[in-house]
Amino acid sequence: MTSARATTATTSGRAFGGWREWRGWPDDLTQLWRRSLRFRIVLVTIGLTAVAVLIACVWMALVIQNDLFVSRREQVLADARRATTAAQQTLDNAAVQTGDSVQLQSLMNSVLAILVQQSSTDMIAAARIDRTAPQAPQDFTVGGFDEALITEGMRVAVRSNAVPQWWQSVGLPLESGGTMPGILVGQQLVLPDVGAYELYFAYDLGSAAQTLAFIQGILWVVGIGLIVLIGGIAWFVLRSVTTPISEAAETSERLAAGELTVRLPVHGEDELATLGRSFNAMADSIESQIKELADLSLVQQRFVSDVSHELRTPLTTIRLAADMINDQRDEFDPATARAAELLNAQVQRFETLLTDLLEISRYDAGSVQLELEPTSLASLAEDVIASMHTLAEQHGTDVRLVAPGGYTPVDMDPRRIRRIVRNLLGNAIEHGERRPLVVTVDSNQQAVALSVRDFGLGMRPEEVEHVFDRFWRADPSRTRTIGGTGLGLSIALGDARLHGGELAVWSEPGRGSHFVLTLPRGGGRLTAPSPIRLEPDTDAPDELGRTQPIVLPSETASGRGVS
Ligand code: ADP
């Protein structure tokens, strides 16, 4: 399939919604991410900074936590050692009579007092290792020591006495129900005459945990502060770079839109100033070249317009003379009569060419004014078909009108639209290979459309691309009977665009061509698709003509075979 569109596309963008339109926020943020370099860089900077700060803070917290634990552990081990040594010294120095359990018990009580006094914890427990001596003092636990804290492994280790001190991390039960991290230290205490006791001290890590929580809090605050600060700095630093860039983007957009006098403000000597200076130099050069071209084009336009005007007067005289000679050709000998006929045809062609040239020069000068009046496109199509009836008949072509819509009057310049339809129909008759033509008129809420479909020669893709070019014609070897100027479609496109509409073409060799003219209702530009599809659904003319008969306001006509 090959098609070319003679319209300019319009794009619409959604403005950033207010805070109330929270549903649109993800879309707005995506748009901002795509459009704003500053937003993107700041977001990336904040993201990367956050990751770096998080890693640094977690690492610092772990190191500090480990350091706090190690120093607290060393502290409690020293504390337990000191208390145990003091208690052992007391025991070693005591003179106890063998087998005197009362004396032993009071010795044990005084040892307990020393332990509580010497150590920084009051959670202490002692248990006999050798349970055979009857006079041995009772096991004891003080300060709410929970014996469940002592694991079997710890007991075995302390009893073995392989090293003087054992420790393990434990969770100390709290009154509130939870647990607090703590360290359990175990070692042996030897009672004279009785044997060794397992001695346990439980220390809490409450103060270390508090210090750690405090440090973690500070790390959080510092980390978040750092991220915000770096984000802010990135925002402000980028402003100095992105503001000139967006100024340059805006200025180049205005330049591209035709404001040739806009320039970039240049400050200083840095790279951005160099960019500004180069941009301004480029704009100067473009402006002067465009001005030169515009002047040249103006001269050309004036030349074409003047020549066409100047040629009109002599041509009118030639036309009158040619008409006169042609009227009397029956009196001439056959060769002169043929010459008179040819002269008349070529003078007519010359006149058409001149009229087309004048019209084109008016477009170029931008001096065309539409004379709008409410017109029914369906009625207009019927009029044109009727006016071209003879030509169609001469070519043996059956012209059918199918009009499911397009009756309601729409503002248009009927003279120009009639000219477009006449041109499309003339071309279709010329290239339609005597096969039926189908003219369709339809409408939707935004537009009215008219299409001309023929089932003739059709065009190749490279031909379709040039169909609206001035003076362009496909294969010149094709038989031409109407004798067009090659300007018809170019003028038709100009007329369609003046109405804010479009003229589109589909064509394929052997399948024929389909030209669709679409005009917006109520002025403005076309925003919706045409009511008539460009690519035809069928290659059978009879299938296209099966809609309801056309009923025009003034008269009743048949929807099929208005030819
Ligand atoms: P012309 O005055 O030559 O008809 P147009 O601008 O109307 O000028 O058309 C330009 C060329 O496009 C024609 O010469 C013809 O080769 C080609 N063309 C236009 N309409 C058709 C059609 N329906 N089928 C095949 N070719 C076409």
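In listed order, ligands and their atoms are each counted from 1.
Heavy-atom contacts of G486 reach the following atoms of ligand 1: 1 (P), 2 (O), 3 (O), 6 (O), 8 (O) (cutoff under 4.0 Å). Of all the atoms in ligand 1, the ones that sit under 4.0 Å from a non-hydrogen atom of W472 are 10 (C), 11 (C), 12 (O). Annotation for ligand 1: atoms under 4.0 Å from non-hydrogen atoms of S513 are 22 (C), 23 (N), 24 (N), 25 (C).
Proximity annotation for atom 18 (N) of ligand 1: of H431, H514, R470, E430, H431 comes nearest, heavy atoms only. When the heavy atoms of L425, D454, N427, V464 are ranked by distance to atom 23 (N) of ligand 1, first place goes to D454. Comparing heavy-atom distances from atom 12 (O) of ligand 1 across L424, L437, V467 singles out V467 as nearest.
Side-chain atoms of H514 do not come within 3.5 Å of backbone N or O of S507 as any donor-acceptor pair.
Contact annotation: for L457 versus ligand 1, there are no heavy atoms closer than 4.0 Å. Counting heavy atoms closer than 4.0 Å to ligand 1, residue M459 contributes side-chain atoms (C-beta onward) but none from N, CA, C or O. Contact annotation: for F515 versus ligand 1, heavy atoms closer than 4.0 Å belong to the side chain alone. For N423, every heavy-atom contact with ligand 1 shorter than 4.0 Å involves the side chain, none the backbone.
Tested against L377, the residues V410, T408, D442, I417 include a single side chain to side chain contact (heavy atoms under 4.5 Å, CB included) partner, I417.
For CH2 of W220, the number of neighbouring non-hydrogen atoms (other residues, nucleotides, ligands) closer than 6.0 Å is 12 at most.
Classification of D495 and R415 as a salt-bridged pair fails, no side-chain N sitting under 4.0 Å from a carboxylate O. Contact check on R497 versus E502 returns no salt bridge, with no Lys/Arg side-chain nitrogen under 4.0 Å from an Asp/Glu carboxylate oxygen. Salt-bridge formation is not detected for the pair D398/R434: no Lys NZ or Arg NE/NH1/NH2 atom is positioned less than 4.0 Å from an Asp or Glu carboxylate oxygen. One finds no salt bridge joining R329 and D327 here, because no Lys/Arg side-chain nitrogen approaches an Asp/Glu carboxylate oxygen to under 4.0 Å.
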Item to check | Check against side chain to side chain contact (heavy atoms under 4.5 Å, CB included), W506 and R511 | outcome: CA-CA 10 Å; W506 169 94; R511 286 184 67 195; 3.7 Å; yes
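Polar contact with ligand 1: absent for G458 (N/O pair, distance under 3.5 Å).
Under the 4.0 angstrom criterion for non-hydrogen atoms, G456 is not in contact with ligand 1.
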